[in-house]
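Below is one structure, written out as structure tokens; comments come after it.
Below, each value reflects all heavy atoms present in this structure, side chains not excepted, and no hydrogens, waters or symmetry copies. Numbering of ligands and ligand atoms starts at 1, following listing order. Residue numbers count from 1 along this sequence.
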Amino acid sequence: MTTHRPTPRRALLAVAATAATMALCGAARAGEVEVLHYWTSGSEAKAAAALKSMLQAKGHTWRDFAVAGGGGDSAMTVLKSRVVSGNAPAAGQIKGPSLQEWAAEGVLASIDDVAKAEKWDSLLPKQIADVMKYKGSYVAAPLNVHRVNWLYANPEVLKKAGAKLPANWDEFFTTAEALKKAGVIPLAHGGQNWQDFTIFESVALGLGGVDFYRKALVQLDAATLNGPTMEKVLTTFRRIKGYTDKNAPGRDWNLATGMVVKGEAGMQLMGDWAKGEFMAAGKQPGKDFVCTAAPGSAGAFTFNVDSLAMFKVKGDDKVKAQKDLAAAVMSPQFQEAFNINKGSIPVRMNMDLSKFDDCAKASAKDFAASAQAGTLVPSIAHGMAVPASVEGAIKDVVSQFWNNDRMTPKEAMSRLAAAAKSS
Ligand code: GAL
């Protein structure tokens, strides 16, 4: 696989140039825009900086409210308490079905005027445009399309262990065993419930297939949650744990990525925000690291779309700043600069991807192909498939099963079915 080294610096320069022109037309009405998010890893902060510089060049004040904690649970807790106490930020990183729940509370603002002026309906896949709308009105701006069902590996480490990049779960365990024999940590993992859940959903997709994934983890069908395929998924999921290290519990995802970067571990199962970290470390896809679909899931795509929900704010200057934020998010310049650093691909269609790396190009190709083939599924672990409370309940059962070796797959299945009914 040939490598094309994108230059975030050139992308950021393009952003600054665009922002400069925007500054000329709107300085008088500058306002403050506070954004609450959980993009705190190196590559994520770099990606968010693109938005900051666009808003600042327009004369607006960017107030960064970053809440550490991958997966976003802490950020959502903080956001809830701020909104309840009447101190909502201008924008918050809220995704998927949760947007409907927040909008139903009456706290989100319509940005339909921006969406119409910027023609979002013709620039977004309908499935994603609909996620951003409440009762037909846009209340959030989408930033990207992350793919979750990836496996990353260090080719040097694999080679030394005489192991190959696995295409299915049987091969995964053969490779993991070879890495273990070679004295390397086979799978870098961070023992946090959302990371456990991220692996679980890839096993479900890779072992059960798209229909099974949809029935179990989108439609939450009780018989499927309690069925023989789920038992196989849970058994395989538990077997993976044996190839992680004893220091995994509590580890942040980007530190796990760092282990593969440094060759301390051979592989990581994670969404392509991990790729952002490889790139930020100056690593080249195909040479220093390889990206492939999580075992057994080639041809399928679990999507996770980050979006900024717009909260109702007071004051013309704040409203103007918020609308400029929304417009900036969907601009081609930002879609390029943000996603080259973030590891995801632009959500805006028909973008020129020539500055993107080969893993991103593969993701874009697979995204289009899976949308065509009907194998595009929402990530349950990253808030795209079910309401937040149900996601949380299922996530906890999956993580308890991962951490408690005495829980049997049968017990976990009945708890999953119960969690799926929780609201
Ligand atoms: C996801 C989020 C990504 C990334 C990841 C790790 O839920 O959508 O943007 O931040 O968590 O924190």
Query raised in the report: Any chance NZ of Lys215 has more than 12 other-residue heavy atoms, nucleotides or ligands included, within less than 6.0 Å?
Result: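 No.
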
Could you tell me if [Y] and [X] have a donor-acceptor pair between their side chains, going purely by distance under 3.5 Å?
{"X": "Asn341", "Y": "Ser43", "answer": "no"}
{"X": "Trp120", "Y": "Glu118", "answer": "no"}
{"X": "Ser399", "Y": "Asn193", "answer": "no"}

Report task. Kindly indicate whether the side chain of Ile240, heavy atoms from C-beta on, has any atom under 4.5 Å from the side chain of His189. Result ->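 A side-chain contact under 4.5 Å is absent here.
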
Requested in this report: Give the protein residues with at least one non-hydrogen atom closer than 4.0 Å to an atom of ligand 1, ordered by chain and number.
Outcome: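 Only Tyr38, Trp39, Glu44, Gly70, Gly71, Gln93, Lys95, His146, Trp194, Trp253, Trp273, Asn304, Asp306, Lys342, His382 have heavy atoms that fall under 4.0 Å of ligand 1, ordered by chain and number.
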
Query - N/O donor-acceptor pair under 3.5 Å between Trp194 side chain and Gly70 backbone - result: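 Indeed, once roles are kept as given, a pair shorter than 3.5 Å links the two residues.
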
